[in-house]
Amino acid sequence: MRKRTMAITASLATATILIGSILLDYSQTAPQVDPEEVEVGFAPLAAESTAGTNQTNATANVVGSLVGNDVDALSLNNTNATSPWFVKLTLTSSNGLLDITSAAVGIDNGTATSDQIVITLASVSQSEGTYVRLEPASTNTIYATTLVGGLFAGATLDMDVRIAEATNESAYYDMKASISLT
Amino acid sequence: MPKRAGRRDGIAALSGRLVVLGLVLTTALTARASIVWTSTASVETAVVPPPVILQEGSAAANSRWFKDLTITPNETAFTGDLKAKSGALAHINDVIRVHNRDDSGQTVTFTANQVSNPNYEVFQWTVRDGATVVTTFDYTATSPSASFAIAAGVTYQLDLTVDLSDGAGKNNAAVPFGLAIQVS
């Protein structure tokens, strides 16, 4: 009787899969926003001034004077014990400038003053200031000086207050202030 | 022994052999039909790194704005906390970067869940190629999504803007802000 042996050889050296397009879907993790209070915020100084719920939305009232007046309207203290911040003001809207002879809103950081917004003869002559350094753990103020004519009926200056970690504005936060001149 | 009887015996013997042969063939055919074997073939798999990855921007390590913001080891996601400023609009440049390390251009799509907390007046990424804005991605949109093309070897930076309404307490507006990324 003849014996037959069947040899079966299976071979699969390489498997090639062609895919027309690939869509990679990365899984996302969950970073979180953790809101905190600002390190430089407003506090009221002048009468009838407010700082807002989060110390970021201030109002102040400054009485104009025929002979000139200089009032500290709001404080702007840096509560960071080790790092400075930088601040500047930018006028966003105004009204009632008629009969203002001269007015200025500026920042006093304890060693120098810097006029940021200037009004001369009823018109805005400077709408934006330059950065003022707020030293760590420092006390600073926003002041207003006014000289008005006899028919002055009141004015309002709305402004953005930008608090930056550096003067190149690599990171900053904006607050709002409104100063009424009466 | 008579001749006829001997012939009968021979026929009987032959018939028996044929029956046996038939059984053997049947068995052989049955055996052939039930042959089973296991292939030893193998398929190799390899993990290819993603063509588009995330990188930390210059602000990622800034403790004024972030707590433990880090890119995951496979460079496809990030973790950490953003220290938003209650009642203020915060803007931070160069938080994370998107880099195409492939040899060909890619299309990147960002998606995320909507941030519906009304305290968030603005919450968006701005994708920038130098000074040029490539696109923006708004978390407050109904279905946040943004797609953009990125050429081979190019890196874009992502700036973050968050405006929290006045009155938003520091503990009442915490939200996740994940970012799902698709590359095609």
Side-chain angles (χ1 to χ4, degrees), chain A residues 1-4 6-17 20-42 50-59 80 82-85 160-166 168-176, chain B residues 24 28 32 35 37-44 50-52 58-59 62 64-65 67 69 72 76-94 111-112 115 119-120 123 162-164 166-184:
Chain A
M1 190 171 170
R2 269 195 318 181
K3 256 187 169 179
R4 300 186 68 180
M6 184 178 287
I8 300 172
T9 303
S11 175
L12 183 57
T14 306
T16 302
I17 302 171
S21 63
I22 296 175
L23 179 66
L24 299 177
D25 195 348
Y26 300 174
S27 61
Q28 64 169 317
T29 50
Q32 178 162 305
V33 181
D34 188 15
E36 63 179 22
E37 295 174 346
V38 293
E39 292 183 346
V40 177
F42 297 117
T50 61
T53 305
N54 300 111
Q55 292 75 53
T56 57
N57 196 357
T59 62
N80 189 310
T82 57
S83 299
W85 286 94
D160 281 342
V161 180
R162 177 158 295 182
I163 311 295
E165 66 175 19
N168 66 2
E169 299 186 342
S170 55
Y172 59 82
Y173 62 90
D174 285 343
M175 308 190 297
K176 295 186 179 302
Chain B
V24 169
R32 179 189 287 178
I35 288 173
W37 74 92
T38 301
S39 168
T40 56
S42 61
V43 176
E44 295 181 5
V52 175
S58 59
N62 190 330
R64 276 179 168 169
W65 304 96
K67 179 184 178 185
L69 188 73
T72 56
T76 58
F78 61 98
T79 60
D81 290 346
L82 163 66
K83 299 178 181 176
K85 309 304 180 192
S86 297
L89 181 151
H91 180 89
I92 310 128
N93 285 340
D94 196 19
T111 57
V115 172
N119 288 321
Y120 287 76
F123 190 5
V162 183
D163 189 359
L164 290 176
D166 195 22
K170 65 177 183 177
N171 296 321
N172 71 357
V175 298
F177 66 110
L179 196 63
I181 303 170
Q182 291 182 340
V183 180
S184 57

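All of these numbers come straight from a predicted model, not from anything done at the bench. Convention: sequence-line order gives letters A, B, ...; per-chain numbering from 1.
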Side chain, backbone, both or neither: which part of A88(B) has a heavy atom under 4.5 Å from chain A?
-> both
Is the backbone N or O of S58(B) less than 3.5 Å from a side-chain atom of D94(B), with the two atoms forming a donor-acceptor pair by type?
-> yes
Once the angle between the rings of H91(B) and Y172(A) is folded into 0 to 90°, is it parallel (under 30°), tilted (30 to 60°) or perpendicular (over 60°)?
-> parallel
Name the region of E165(A), side chain, backbone, both or neither, that has any atom closer than 4.5 Å to a heavy atom of chain B.
-> both
Side chain, backbone, both or neither of N62(B) within contact of chain A (heavy atoms, under 4.5 Å) | side chain
Judged by atom type as modelled, is there a donor-acceptor pair below 3.5 Å linking the side chain of D160(A) to the main-chain atoms of R162(A)?
-> no
Which one of G52(A), A164(A), G41(A), S83(A) has the most heavy-atom pairs closer than 4.5 Å to chain B?
-> S83(A)
Does T72(B) reach the main-chain N or O of A77(B) with its side chain, forming a donor-acceptor pair under 3.5 Å?
-> yes
